[in-house]
Amino acid sequence: MNSPSDPHAHSSTPVIVGGPGSGGAAGGSGGGASFHDALLDGLNPQQRVAVEYRGPALLIVAGAGSGKTSVLTRRIAGLIDSREAWPSQILAITFTNKAAAEMRERVGALLGQTAEGMWISTFHSACVRILRREAENFGFTKSFTIYDSHDSRTLIKRIIKDLQADTFGFTVSGVAGKISKLKNELADADSYARTANFNDPQEEIFVEIFRQYTRSLSAANAFDFDDLIGQTVYLFRAFPQVAETYRRRFRHILVDEYQDTNHAQYALIRELTLPVGENDDDSYALVHGFDGQRTAGLPGASLTVVGDSDQSIYAFRGADIRNIVEFERDFPGATTVLLEQNYRSTQNILTAANAVISNNFDRKDKKLWTDVGDGEKIIGFTGYSGHDEAQFVADEIATLHESGTPYKDVAVFYRTNAQTRALEEIFIRAAVPYRVLGGTRFYERAEIKDVLAYLIAVANPFDAMALRRILNTPKRGIGPATETALAVFAETNEVSYRDAMRRSSELGLGPKVTTAILDLAVLLDEATALIDPDRAEGPAPVSEVLALLLERSGYVVALRAGRDPQDEARAENVEELLAVTKEFAKNNPGGQLVDFLTEVSLVAAADELDDTSGTVSLMTLHTAKGLEYEAVFLTGVEEDLLPHRMSASEPGGPAEERRLFYVGITRARKRLYLSLAMTRAQYGETAVAMPSRYLQEIPADLIDWRQSPGMATSRGGTQPRALNANRPGGFSTRSSIRASDSLSFSESSLPPAPRTKAEWPNRITAQVRDNGDLELQPGDRIRHTDFGEGRVNAVTGEGTKRVAHVQFDAAGSKKLLIKIAPIEKIA
DNA sequence: GTGAAAGGAGTTTTT
DNA sequence: CTCCTTTCAC
């Protein structure tokens, strides 16, 4: 194995070695010593320590915006330049593929050359890479499929149905969640069964579901998302010599966003950083014909983790904050470096962030600070509705753009994907160029999954699920009955689903159906021949395979012939996928079909970001982690949304939601906007929304309320602008903001803002308009602040959700939420 | 086996 | 409100 003559992995001072092959090769960086200086250039003392420290384990507690990426890349570059490590001995784990690409590029830039052989990737990508190499050790092939959560659910749904487990109260999402949670704890069906209480019939059935799920996965030669990590750990534990290969290879392991690692990921890191013993176990060497490989033992790889427990926001998917909190205990000899100086945001933004997060008890006190000055105040806005709020955002973005902030430097965050709807509607109308990250992602669209299923069926003939998906897509007259018949045939004859298709003439089905199945089988075989590694002209590029499949299956033609108006867009999406395969070939010369499928399976929302796009970015708070923007709009800062209603019942829920809010705030460099709405539409109904408790945690003098929750509905209140967006003449959006500016008059007449938190709630929440139990009957006449007088036609809904259907004399008919609408009854 | 229509259920965050 | 499943007629 490649190894520098002396890795110096644990020497206390960095060793600088000049000469060819080391730092000297680093293009313009000059000799070793000056390169070393350049590495530390512009860093503060803590950052320098984080770059230079050498030891078995290092924890870098990096507050938001404290320059951790810079520290990590310099640390890696330093290790390589000083010849403490070959690039191939470095494994760096990032949270997204985009972050990985960025880090690789920055390390390359520092060194003046691309460092070949470094592994910089996400946990999932790294594990796929390992699993593809080693799959044959334990009953998989290297072309295994990766099931995304949607695929897992489809499979679970089928199993629940087969077992009729739904009658026992099992739901797909419940089972999927439980299995995922168990896998993150490295449990499997057997280990779970050992602890299960079999007097409980539910437990028994769950174990059976889990078993069948596991069996189906391995029969399909497939791993689900959680398996990628868990099975790698299993592989290392079951085959110590395989583990040793990787322990010997990776001498420096760096993990970013360590606070969001789950138990399985933690176990993986532990496995990789174990010392390598005096190779006294020969079984592997004997089996694999290695001989005389008895090398000396090695200490465990050096481990560097970077994280911030205040930014831990993935507990719901098993992230365990203890991994970082207990790091020093876990890894004896560990050193901790604290990075608190922030290079991203203004002091006002940081003060707000600090104030909010300090409400989480049970945390190490940490205060972000900066020397760039206070900056602008935070801008607050309360809309009448979600649309009104969106209009505010769109208006402000337009203003920002006019004053020179490019669209790409602006981001809009929200808690739930459902909130994009109102934003998109208004943005389209206001001609604000935007891009939604995540949401219904490109690769999750049905038509894309259909087409990918064709490719998967070719790459992995064992994947019955992919085959069943394409069996009747496009329509071939093959229904559920035939589909099941093939599955039964495959099972009873112990052949693959693909073989069952080839032998479909033995099933005694109708001639038309049989021909359809055989045609498909032939097409798949032809496509498979294209990617045969032994093919004379080498395996065909993915685009060629896809083109053949699309052409012969008639998928696109069928789409274009469809009557659904969205079918044309779907056909275009498929064309785009074809373009993606061509792009892939360009970027990955020699890239195989499985490589393409891997890449596609592991794209994250944040990977879709295109820095050159020139559009505003819309994303959830979760997706926003690790990103930063000149101006940030944090929308929907309301109770039941942030904190989300669902979090209330979970232990640690409200604290995690607060961290989410904190993450959102700290993404902003110069300008931060916090907005909320008084009512929010959810599934057809309109509900009252109350300001988030977290707003009260921000010192009052940091927020400049354009329209505060207390002001929004007071007398002379603002126009619900979304409803009046097209009002002609004179009453532009701008003037409506001015109208609300005049409100600051009444605001300033309030007593000085109380500083103590106890009195805060009054200021924000108590002034939201509340009509209490205002009783309205059909026939009553009312007066509305904006719409004038009208007649109540009907009242629907219960309690706070009572809605009046009103026919206004001038403004037409409206539906109003009685509790908070600016209305009064006229005698 | 297909397609339309009606009914019901469920709504967080994601690799 | 929307997505999904079920039901029913061809």
Side-chain angles (χ1 to χ4, degrees), chain A residues 93-100 121-128 146-154 157 161 166 171-174 176-177 180 183-184 223-230 257 260-262 264-265 312-319 413-419 421-422 437-441 443-444 446 471-472 474-483 509-510 512-513 516 562-564 598 600-607 619-625 636 640-650 653 656-657 659-661 663-664 680-687:
Chain A
I93 302 290
T94 59
F95 203 67
T96 62
N97 296 299
K98 182 166 183 282
S121 71
T122 62
F123 268 110
H124 290 83
S125 302
C127 287
V128 169
I146 300 165
Y147 279 10
D148 66 17
S149 18
H150 187 268
D151 300 326
S152 300
R153 296 170 65 101
T154 307
K157 188 186 285 176
K161 205 164 192 177
D166 46 342
T171 62
V172 175
S173 59
S180 173
K183 286 192 175 186
N184 285 333
F223 294 115
D224 67 19
F225 270 139
D226 302 311
D227 282 340
L228 296 180
I229 317 289
E257 307 285 6
D260 281 323
T261 50
N262 62 33
Q265 291 164 337
S312 161
I313 54 174
Y314 282 102
F316 72 91
R317 74 173 199 217
F413 301 155
Y414 37 80
R415 178 65 232 271
T416 68
N417 283 306
Q419 289 166 254
R421 197 157 306 222
L437 300 186
T440 24
R441 295 205 208 107
Y443 292 109
E444 282 167 14
L471 203 53
N472 197 31
K475 302 263 180 293
R476 301 188 173 90
I478 306 172
T482 311
E483 193 188 313
L509 298 161
K512 257 169 92 178
V513 177
R563 299 226 319 279
D564 189 324
T598 302
V600 162
S601 304
L602 298 178
V603 285
D607 295 333
M619 70 191 85
T620 65
L621 285 165
H622 284 88
T623 302
K625 190 173 76 157
D640 287 352
L641 215 45
L642 189 68
H644 195 274
R645 171 196 312 227
M646 291 295 163
S647 72
S649 52
E650 287 158 23
E656 174 143 326
E657 298 283 308
R659 290 194 291 270
L660 206 43
F661 187 47
V663 165
R680 197 156 292 272
Q682 45 181 7
Y683 36 89
E685 290 199 323
T686 306

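Chain A is the first sequence line, chain B the second, and so forth, proteins listed ahead of strands; every chain is numbered from 1. Note: hydrogens, waters and symmetry copies are ignored here, and every other heavy atom, side chains too, is used. The structure displayed is predicted, hence computed values, not measured ones.
The CZ atom of A:Arg659 sits 4.5 Å away from atom OG of A:Ser312, with the distance rounded to the nearest 0.5 Å.
Nearest-nucleotide assignment on DNA chain B puts the 5′-proximal partner with A:Thr171, out of A:Ser601 and A:Thr171.
The distance from atom CD of A:Glu257 to atom P of B:dT15 is 13 Å, rounded to the nearest whole Å. The distance between atom CD1 of A:Ile229 and atom P of B:dT15, rounded to the nearest whole Å, is 13 Å. The separation between A:Lys625 atom NZ and B:dT15 atom P is 11 Å, rounded to whole Å. Spacing between atom CZ of A:Arg153 and atom P of B:dG10 amounts to 12 Å, rounded to whole angstrom units.
Side chain of A:Tyr414 to main chain of A:Leu621: no donor-acceptor pair is present (N/O by atom type, distance under 3.5 Å, no hydrogens or angles). Without hydrogens or angle criteria, A:His622 side chain to A:Ile313 main chain gives a donor-acceptor distance under 3.5 Å.
For the residue pair A:Ser125/A:Thr122, the side-chain donor-acceptor check at 3.5 Å is satisfied. Looking at A:Thr598 and A:Ser601, their side chains never bring a donor and an acceptor atom within 3.5 Å of each other.
Remark: A:Ala418 pairs with A:Thr416 by the side-chain contact (heavy atoms from CB on, under 4.5 Å) rule, at least two apart or across chains. Remark: A:Thr96 pairs with no residue by the side chain to side chain donor-acceptor pair (under 3.5 Å) rule, at least two apart or across chains. The salt bridge (Lys or Arg N to Asp or Glu O under 4.0 Å) check on A:Asp151 picks up A:Lys449, with sequence neighbours excluded.
A:His124 and A:Gln265 make their closest contact through CE1-NE2, 4.2 Å (heavy atoms, listed as atom of the first residue, atom of the second, distance).
Across C:dC4 and B:dT13, the matching C1' atoms stand 22 Å from one another, rounded to whole Å.
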Could you go over nucleotides 11-13 of chain B and give all protein N or O partners under 3.5 Å, atom names and distances?
| unit_1 | atom_1 | unit_2 | atom_2 | d |
| --- | --- | --- | --- | --- |
| B:dT11 | O4 | A:Tyr683 | OH | 3.2 |
| B:dT12 | O4' | A:His644 | NE2 | 3.4 |
| B:dT12 | O2 | A:Arg415 | NH1 | 3.1 |
| B:dT12 | O2 | A:Arg415 | NH2 | 2.5 |
| B:dT12 | O4 | A:Glu650 | OE2 | 2.4 |
| B:dT13 | OP1 | A:Asn417 | N | 2.8 |
| B:dT13 | OP1 | A:Asn417 | ND2 | 3.0 |
| B:dT13 | O4' | A:Arg415 | NH2 | 3.0 |
| B:dT13 | O2 | A:Arg415 | NH2 | 2.6 |
| B:dT13 | O2 | A:His622 | NE2 | 3.4 |

Contacts under 3.5 Å, N or O only, protein and nucleotides 1-7 of chain B:
| unit_1 | atom_1 | unit_2 | atom_2 | d |
| --- | --- | --- | --- | --- |
| B:dG1 | OP1 | A:Gly479 | N | 3.3 |
| B:dG1 | OP1 | A:Thr482 | OG1 | 2.9 |
| B:dT2 | OP1 | A:Gly477 | N | 3.2 |
| B:dT2 | OP2 | A:Asn472 | ND2 | 3.1 |

If you restrict it to nitrogen or oxygen atoms, what contacts under 3.5 Å exist between nucleotides 2-6 of chain C and the protein, and what is each distance?
| unit_1 | atom_1 | unit_2 | atom_2 | d |
| --- | --- | --- | --- | --- |
| C:dT2 | OP1 | A:Arg421 | NH1 | 3.4 |
| C:dT5 | OP1 | A:Lys157 | NZ | 2.6 |

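At a threshold of 4.5 Å between non-hydrogen side-chain atoms, the residues A:Lys183 and A:Asp224 count as touching. The shortest side-chain heavy-atom distance between A:Leu641 and A:Gln419 falls under the 4.5 Å cut-off.
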